[in-house]
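See structure below.
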Amino acid sequence: MKALVFSESSTLAAQVISGLKSVLDFSVAVPKDQADSVSEYGAKEVISLDGNPQMDAFGKKISELMNSYDFLFVPSTVLGREVAGYVSAALGQISVPEISKFEIVDSKCKTSSLSLGGKSIIDIISDAKVLTVAPGFADPVKVSEKSKISVMTLPDSSVSVISEEEKKGTGVNIESAKVIVSIGRGIGKKESISIVDPLLKAVHGELAGSRPVCLDYQWLSEDRQVGLSGKKVNPNVYIAVGISGQIQHIAGMRGSKIVVAINRDKSAPIFEECDYGIVGDLFQVIPKLVAAING
Amino acid sequence: MVNVIVLIKQMPDLEQIRSDPGTGKPIKNGVPTKLETLSENSIEAAVTLKEKYGGKVTAILFGNEQSSASMKRAYAMGVDDGYIITGYKESNYLFTARVLAEKIKELPHDVIILGNQSADTFSGFLSGQLSAILGEPLLGNSVSIEIEGDIVKVKRNLENKSLVISAKKPAIVSVSQEINEPRLPPVMQIMAAGRKPIHTEVPKIQPSGSVQIVSEISPKSDRKKIIFEDVDKGVSEVGKILKEATR
Ligand SMILES: Cc1cc2nc3c(=O)[nH]c(=O)nc-3n(C[C@H](O)[C@H](O)[C@H](O)COP(=O)(O)OP(=O)(O)OC[C@H]3O[C@@H](n4cnc5c(N)ncnc54)[C@H](O)[C@@H]3O)c2cc1C
Ligand SMILES: Nc1ncnc2c1ncn2[C@@H]1O[C@H](COP(=O)(O)O)[C@@H](O)[C@H]1O
């Protein structure tokens, strides 16, 4: 069967292709700046989309292209989810969100996704044609032969772009870190983040954070956000400092081998999701912990 | 003056869901329901627009007979008029979009506000679906909204960039959790909301396509959960473990 992947990110598209190319024949449609990088993962064809890269333009184009495909896979991003919704409604086809597994059983789709805000995993059997894919679906694997690239023009959008600003990334890749020290709202203010510097040094760790720290307050750059709408990480050691452990955060760090939590609230949910917990004020615990590690 | 439709959903209070140690399934019976997180942000955004430009806020909730508590909460937060449509089918997002679109078509509006991704299912399909069905532009994942004449302008947040985008009314605006802090309505308003009538209807269309949940289990936590309430003992034990594990 034939499947199309749409994504604005070649990295995320590559995860889907790599995870499922043994079961499906893939084409991939990406904005033109991603076409080259996505052509190394074994898709039969890369469709490079040229034009104003807005949701409705992608939605219309992908709906047209779907005449030739059995499934549409869209890695879950803000834009991706919107486009997936658009296409599913335009075609009148069933959609399933945030899948982490996919198989075809008796010509139906069998998928798994998180539900109840991460409190459950549901398996669904459906007529779905449109699926969004949770980040970290599979490791991208390059192949030797490059896909052929064809260019298509996007239709006009009903949305005008007035201005655009790239977010400053730090180039950090917390997904490959072996040790992560992750800070939450409990750190209190940006200036206090330096309290974890000696800990980072002692454990040779990379710094990450919860969504409020990265998104609301912007104390850390967004590429350091762990969680459902951030990065899925799987380090050997994950140290959660002043993080309450809401399910959306846990969804991003469940793959960690050892989880250590520091929180002053004994009833914080993070203590249900850690291997070792210390109940106490992080400003007292961290210096002592650093001394214990270095001593 | 703006006519705002806000789409709101009810969900179980996720923090109160425990799993059955025997079956590993989440226990949903008896768990109280509440307004879905992003629906609350949507109400706040809608009511803020009304306060700024004047006008009216109408809420639509596709749920069931038990959804009136959420609608009352919406009233208490400043929603003027509310429709509950019963017969919600979990996991059939196409049906949800079609039912809501049918109702929206009956109501004059300048802006439709909804959450960009709901807190229980994480679907995020609805905004794009409505844009396709209604043919209205989507201004998605907004962190601010302004209306100037017949133009709606928002700041849109994407993973790697933020944009200021605009479109002609009527437009669909999905909001990000960062857009606001939903207000806590005063007791007087909560009492008044309780007396306000809610329109209740049934869908005019039937669901199509098959979506079946064949199993539901709680993700297992195999964590050791060794918790130290004595900080000095904790740092010494955990220090040893970290030293070993990060060497
Ligand atoms: C659709 C959706 C997607 C989301 N995606 C994500 C995501 O990707 N990542 C994410 O993290 N969140 C996400 N969230 C948000 C999530 O629900 C929580 O709001 C968030 O994780 C809470 O962050 P926090 O733990 O830093 O803050 P809080 O919940 O405020 O917790 C702060 C903790 O610090 C502790 N504390 C305070 N002071 C101290 C001190 N001095 N010493 C020790 N401990 C202290 C407190 O006891 C508390 O437990 C999402 C939400 C939704 C609805
Ligand atoms: N059944 C429903 N009735 C009314 N509004 C809904 C419903 N489901 C979702 N919404 C709205 O759409 C937003 C996004 O939902 P979803 O696209 O399903 O993740 C929610 O935050 C609500 O604002």
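Within every chain, numbering begins at 1; the chains are lettered A, B, ... in the order of the sequence lines, protein sequences first and strands thereafter.
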key: Close side-chain approach of A/Leu79 and B/Arg156, heavy atoms under 4.5 Å   = yes

inquiry  = Please check this pair: side chain of A/Asp127 against backbone of B/Ser210, looking for a donor-acceptor N/O pair closer than 3.5 Å.
reply    = yes

request  = In plain terms, say whether A/Glu273 and B/Lys225 are close enough for a salt bridge, that is, a side-chain N and a carboxylate O under 4.0 Å apart.
outcome  = no

query = Does the side chain of B/Pro26 reach to within under 4.5 Å of the side chain of A/Lys119, using non-hydrogen atoms?
reply = no

Under 4.5 Å from a heavy atom of chain A, the part of B/Asp230 involved = neither

query = What do the steps show when you test B/Ile213 against A/Asp123 for side-chain contact (heavy atoms from CB on, under 4.5 Å), and what is the final call?
reply = CA-CA 6 Å; B/Ile213 299 178; A/Asp123 288 350; over 6 Å; no

A/Ile124 and B/Val214, any side-chain heavy atoms less than 4.5 Å apart = no

message = Pair A/Lys231, B/Glu159 - check salt bridge (charged side-chain N to carboxylate O under 4.0 Å, His left out), show working.
response = CA-CA 11 Å; A/Lys231 299 277 166 39; B/Glu159 284 77 3; over 6 Å; no

task = Examine whether an atom of B/Gln177 lies under 4.5 Å from a heavy atom of chain A, and if so say whether it belongs to the side chain, the backbone or both; otherwise answer neither.
result = both

query = Are A/Asn236 and B/Thr246 close enough that some pair of their side-chain heavy atoms sits under 4.5 Å apart?
reply = no

key: Under 4.5 Å from any heavy atom of chain B - which part of A/Leu228   = side chain

key: Residue pair B/Ile165 / A/Ile162, side-chain heavy-atom distance below 4.5 Å   = no

key: Region of A/Lys108 that comes under 4.5 Å of a non-hydrogen atom in chain B   = side chain

ask   = Can you tell if the side chain of B/Gln129 reaches within under 4.5 Å of the side chain of A/Ser88, non-hydrogen atoms only?
value = yes

request  = Using non-hydrogen atoms and a 4.5 Å limit, figure out which bit of A/Ile286 sits close to chain B: side chain, backbone, both or neither.
outcome  = neither

query = Are A/Glu165 and B/Lys155 ion-paired here, with the side-chain N under 4.0 Å from a carboxylate O?
reply = no

query = Of the backbone (N, CA, C, O) and the side chain (C-beta and beyond), which part of A/Arg254 lies under 4.5 Å from a heavy atom of chain B, both, or neither?
reply = both

ask   = Which bit of B/Ile241 is near chain A, if near means a heavy-atom gap under 4.5 Å: side chain, backbone, both or neither?
value = side chain

query = At a heavy-atom separation under 4.5 Å, does B/Lys28 approach chain A through its side chain, its backbone, both, or neither?
reply = side chain

message = Please classify the contact of B/Lys153 with chain A as side chain, backbone, both or neither, using a heavy-atom distance under 4.5 Å.
response = side chain

request  = Test side-chain contact (heavy atoms from CB on, under 4.5 Å) on B/Phe122 and A/Thr132 and set out the steps.
outcome  = CA-CA 10 Å; B/Phe122 307 142; A/Thr132 54; over 6 Å; no

query = Heavy-atom distance under 4.5 Å to chain A: side chain of B/Tyr93, backbone, both or neither?
reply = side chain

query = Under 4.5 Å between any side-chain heavy atoms of B/Val238 and A/Leu289, yes or no?
reply = yes

task = Could you look at B/Ser166 and say if it's the side chain, the backbone, both or neither that has a heavy atom under 4.5 Å from chain A?
result = both

task = Check the pair A/Ser256, B/Arg223 against side-chain contact (heavy atoms from CB on, under 4.5 Å), reporting the backbone distance first and the verdict last.
result = CA-CA 10 Å; A/Ser256 311; B/Arg223 300 283 172 211; 4.2 Å; yes

query = Does any non-hydrogen side-chain atom of A/Tyr276 lie less than 4.5 Å from one of B/Glu237?
reply = no

query = Can you tell me if A/Ser120 and B/Glu216 form a side-chain donor-acceptor pair at under 3.5 Å?
reply = yes

key: Under 4.5 Å from a heavy atom of chain A, the part of B/Pro219 involved   = both

query = Measuring heavy-atom distances to chain A, does B/Arg247 have an atom under 4.5 Å in its side chain, in its backbone, in both, or in neither?
reply = neither

inquiry  = Could you measure the distance from the CD1 atom of B/Ile151 to the OG atom of A/Ser160? Nearest 0.5 Å is fine.
reply    = 7.0 Å

ask   = When B/Leu242 is tested against each of A/Ile258, A/Val290, A/Val179, A/Ile293 for side chain to side chain contact (heavy atoms under 4.5 Å, CB included), which residue passes?
value = A/Ile293

inquiry  = Taking B/Glu229 first and then A/Lys266, would you say they form a salt bridge - that is, a charged N and a carboxylate O separated by under 4.0 Å?
reply    = yes

ask   = With only heavy atoms counted, which part of B/Leu139 is less than 4.5 Å from chain A, the side chain, the backbone, both or neither?
value = side chain

key: Flag, side chain of A/Glu98 to backbone of B/Ser123, donor-acceptor distance under 3.5 Å   = no

task = Using non-hydrogen atoms and a 4.5 Å limit, figure out which bit of B/Thr37 sits close to chain A: side chain, backbone, both or neither.
result = neither

